[in-house]
Amino acid sequence: MSEAAPPAIVLDKVNKWYGSMHVLRDVSLTVQARERVVVCGPSGSGKSTMIRCINRLESHQEGRIVVDGTELTDDLRALDTIRREVGMVFQSFNLFPHLTVLENCTLAPVWVRKTPRAEAEERAMDYLRRVRIPEQAHKFPGQLSGGQQQRVAIARALCMQPKIMLFDEPTSALDPEMIKEVLETMIELAETGMTMVCVTHEMGFARRVADRVVFMDRGEIVESNSPHEMFENPKTERLKLFLSQILRGH
Amino acid sequence: MRQSAVIRERPPAGSVGPVAWLRTHLFGSWWSTAVTLLLGYLLLRWGLGFVDWAVVNAIWSVPAGENGQPDATICRTAEPAGACWAVIGDKARFILFGRFPYESQWRPALCVAIFLALFGISASRRCWRRELLLIWTVALSAIGVLMWGGVLGLEFVPEDMWGGLPITLILATFGLAFAFPLSVLVALGRRATDLPAVKILCVLYVELIRGVPLVSLLFMASVMFPLFMPVGMNPDKLLRAQVAFILFAGAYLAEVVRGGLQALPKGQYEAADALGLSYWQKTGLIILPQALRLVIPPLVNTFIGFFKDTSLVLIIGILDLLTAGKVAMADPVWQGVGTEIYLFLGAIYFAFCFAMSKYSRRLERSFGRARNR
Ligand SMILES: Nc1ncnc2c1ncn2[C@@H]1O[C@H](COP(=O)(O)OP(=O)(O)OP(=O)(O)O)[C@@H](O)[C@H]1O
Ligand SMILES: [Mg+2]
């Protein structure tokens, strides 16, 4: 174990405050390469903040974050390296509305990775086929449904060929039918062995693909366990309460 | 069943077509009918009155007087009064080209043509490539050569002999061509929270320039600025006015651009960051293209206002289009005929401003088409 590949992500006693509000409290988490971690927890518990610290959309104030062997500091070069290797999918898709689907997917490879355009387009079409929307390549994001947009967003992130994928509630802005198509895409991605950290309340998805589920509450990681243990045998009152609430909601 | 469905494909008769439009929009109620009739009457009356003055009773030419000057007496004495278009025929070249040597006025005329061609080319989105920058450089150099001369066998013409439409176009074009990039940088600088010095500088610039009237800026440029310059270094008056304009327009445009930057959702910045784009890649590829599209209407609004503001150089004695018109009006030969010249000037300004406004709407539509369903 010790001689195996280094962990993909290490969070070591990470603390973060917004003003005087302590939103991450001593958060420690290690994600191994090819591991799939699902993060859940009540609203405002700091899930987004934690996942956004991993690619430094938010900066932490105490503790260490090491991604793919590079520690996150104010050093811009380290940041560039990490952002190339970490793809992110947002709740609100955040596609670039003035570019076509294909251009959305080729932009970063061409400008950041300096991939030749033809090659980038070929790869983009590849990924668009994988998320099953190659025929929409020349449309603009505004012409697609929410589910299609989110699948484009996944393809866009994959086009950078990242080692790690972060998902922040990728399905919570979608209607039920569309949730299914996006989850299927994510399951297929998980089966390719991608390292994934996914904030979601889709417990079916967690059971099916997660190696580990992490439960956060009030800025802390309260429990971390296999999905089966987590759902069948919650140890803390807070998790029990949370599970009963989301089960009632479904 | 089927047949009635087919029939219903057309809206009921009387709900479309010009008659229906008139009925709903102009004669919908007795009140709107009354307003329609009243406005129609007034329009007709004034319209006919104007046609009478401008066409029917107009005087198109005047005889030459004894000293070779035109004799405009009939314009002053004609009954009923009509427009004296002869003044335009006589003064058009002075108004358009100022005191530029008469035989060489083809040069400013060609400059105006180059400007128009440049605007035409730049308007088409197909031409928005790197080469366009080259075309602009070549065209503006050509304009410099044509106006100054002194090379290629062209007689040298100093700037204080320039005047009329080329001056207005030079001030406006150079002004906007420099002010616009400046404004984008200032708008970005104002949002650079991690570079406080840059931010403060940008805020100061915008607030200081916006806080004073353009007239006083022009005065400062023409009167005070030379005081600070070392002896012998005295940039030309036109250049100083040009710089004042660029700074002025830059401050206003910067606020418009900033409005566009503010309006973009945060997610766009985050998505660009998450993909690893650098600051300038993010700004140039994601943020500006969207932000500028959002602010086309206020941007063009500022452009138009600025185009007309070039006429304020009047107060520092530069002979732009409007000033040339006023000088022409002061000619004793044409005493009492001013309206015609104003109309002529108005028509020229209107043509440019209207073209800008039309163009901005076309641009908005062409961008809108790409984006929405
Ligand atoms: N930019 C910000 N400024 C100040 N407070 C913030 C900011 N972003 C988040 N917070 C606060 O930090 C806490 C954690 O927020 P976070 O978005 O991480 O929660 P979350 O677990 O993702 O919740 P949700 O399930 O609703 O997305 C919340 O109390 C939130 O109000
Ligand atoms: Mg969240």
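Chain letters run A, B, ... following the sequence lines, proteins first and then strands; every chain starts at 1.
Residue pairs that meet the salt bridge (Lys or Arg N to Asp or Glu O under 4.0 Å) test with at least one member in residues 107-118 of chain A, sequence neighbours left out, are A:E85-A:R113.
Only the backbone of A:V86 comes within contact range of chain B, with heavy atoms under 4.5 Å apart. Contacts of A:R156 with chain B are made by both backbone and side-chain atoms, with heavy-atom separations under 4.5 Å.
Ranked by heavy-atom pairs under 4.5 Å with chain B, the first of A:T100, A:L95, A:L99 is A:L95.
No more than 12 heavy-atom neighbours from other residues, nucleotides or ligands sit within 6.0 angstrom of CG on B:L133. When the shell of 6.0 Å around CD of A:E122 is examined, it contains 12 or fewer heavy atoms from other residues, nucleotides or ligands.
At a threshold of 4.5 Å between non-hydrogen side-chain atoms, the residues B:L275 and A:F96 count as touching.
A:H98 contributes a side-chain N or O that, together with a main-chain N or O of B:L285, makes up a donor-acceptor pair within less than 3.5 Å.
Taking non-hydrogen atoms and a 4.5 Å limit, the residue list of residues 251-274 of chain B in contact with chain A, ordered by number, reads B:K266, B:G267, B:Q268, B:E270, B:A271, B:A272, B:D273, B:A274. Listed in order of number, the residues of residues 102-112 of chain A that approach chain B to under 4.5 Å between heavy atoms are A:L107, A:A108, A:W111, A:V112.
The side-chain hydrogen bond (donor to acceptor under 3.5 Å, both in side chains) check on B:R362 picks up nothing, with sequence neighbours excluded.
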